[in-house]
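Here the structure comes first, spelled out in structure tokens, and everything after it is commentary.
Counting starts at 1 for both ligands and their atoms, in listed order. Position 1 is the first residue of the sequence; numbering continues from there.
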Amino acid sequence: MHDNATLPHAGTCEVHIPAGVYAETVTEVRHYTDRLFRFRITRPAPFRFRSGEFVMIGLPNSERPVYRAYSIASPSWDEEIEFFSIKVPDGPLTEHLQKIRVGDTVLMRKKPTGTLVNDALLPGRRVYMFSTGTGIAPFASLVRDPETYEKFDEVILTHTCREVAELAYGVELVRNLLDDPLVGEMARGRLRHYPTVTREPYPVTGRITDLMASGKLFADLGVPPIRPEEDRGMICGSMAMLCDTKEALEGYGLVEGSNAQPGSFVVERAFVD
Ligand code: A2P
């Protein structure tokens, strides 16, 4: 960790690290498609967060770095911090971020925040995590946290993308998780992954809102339609997806919660676009 210090960057120029920001080292970069990649950075020793929260990140490439909100995709017990990112052509941050390599520096503001946390939900039997695109990131954190399985008997992770290749991060996440020594045993038989695709053939096609409305989601999972007595929801995706999924959950009688007042579902935007 380098705090409020000056770091050598890219071999030549020196970069000032502002106060209130951690400067961390990239440990891994993996590109999934020409639009999606994940990267991992070192974790500052004093940094604490709740699984599902987000932080502001930036690059030390200018006097006034551009920061964007990123959900932390790794669980709170992990030694490193993982992010799953979209690549936006000409995006003020992602245009540069997509070029990072192992050993580069990423800036991370010190204060995590967010509502997609177990604390913002009332206890229940089953939690649905509804995601589209990079909206799976906070759930990648939560499904790897034992606390989620202590709170809920069943965890249903839905992930809808335009194309099959965009599901790869989630598919790999679930596969690795089931073999994980810490959470694998807790998750086995209790984590259900429900990937769907909207613009290519795939075993399940369609938006999650339509799959709920038609009842296909529940029929495929072998569960009753959502009921406020036992089901909880978390939603992360684009603005339009949040609005429509929220409306669907409210139609089942679920009530939105927050950190201050836990409820039966919570919502957060997948930020970078
Ligand atoms: P579609 O292909 O029908 O637009 P995006 O990349 O635009 O955020 O979309 C990611 C996924 O979310 C796509 O599969 C897309 O389906 C789906 N999606 C977009 N808008 C909504 C919405 N309002 N409700 C549910 N799913 C949506």
Backbone, side chain, both or neither: what part of R162 comes under 4.0 angstrom of ligand 1, heavy atoms only? both
Tell me which part of C161 gets within contact of ligand 1: side chain, backbone, both or neither, using heavy atoms under 4.0 Å. backbone
[atom] - nearest protein heavy atom and its distance:
| atom | result |
| --- | --- |
| atom 10 (C) of ligand 1 | T132 CB, 4.0 Å |
| atom 8 (O) of ligand 1 | S238 CB, 4.0 Å |
| atom 23 (N) of ligand 1 | D244 OD2, 2.8 Å |
| atom 15 (C) of ligand 1 | T198 OG1, 3.9 Å |

Does either side chain, that of T115 or that of E268, offer a donor lying less than 3.5 Å from an acceptor on the other one? yes
Between D231 and Y128, is there a side-chain donor-acceptor contact under 3.5 Å, judged purely by atom types and distance? no
Among E163, M212, R207, the residue with a heavy atom nearest to atom 20 (N) of ligand 1 is R207
To which of E200, M241, E247 does the heavy atom nearest atom 24 (N) of ligand 1 belong? M241
NZ or CZ of R109 within 45° of Y67 ring axis and under 6.0 Å: yes
Report yes or no: is the cationic atom of K110 (NZ for Lys, CZ for Arg) closer than 6.0 Å to the six-membered ring centre of F47, at no more than 45° off its axis? no
Numbered atoms of ligand 1 (with element) below 4.0 Å of [X], judged on heavy atoms:
| X | value |
| --- | --- |
| T160 | 11 (C), 14 (O) |
| T209 | 24 (N), 25 (C) |
| R199 | 1 (P), 2 (O), 4 (O) |

Polar-atom distance check: A240 versus ligand 1, any N or O pair below 3.5 Å? yes
Contacts table for residues 151-160: side-chain donor-acceptor under 3.5 angstrom, sequence neighbours left out:
from, atom 1, to, atom 2, distance (Å)
K151, NZ, N118, O, 2.7
K151, NZ, L121, O, 2.5
E154, OE1, R126, NE, 3.3
E154, OE2, R192, NH1, 3.3
H159, NE2, G133, O, 2.8
T160, OG1, T196, OG1, 2.9

Can a salt bridge be assigned to the pair R199 and E163 using a cut-off of 4.0 Å between side-chain N and carboxylate O? no
Evaluate the side-chain proximity of I100 to F39: yes if any heavy-atom separation is below 4.5 Å, no if none is. yes
Would a 4.5 Å heavy-atom cut-off, applied to side chains only, mark R43 and F49 as touching? yes
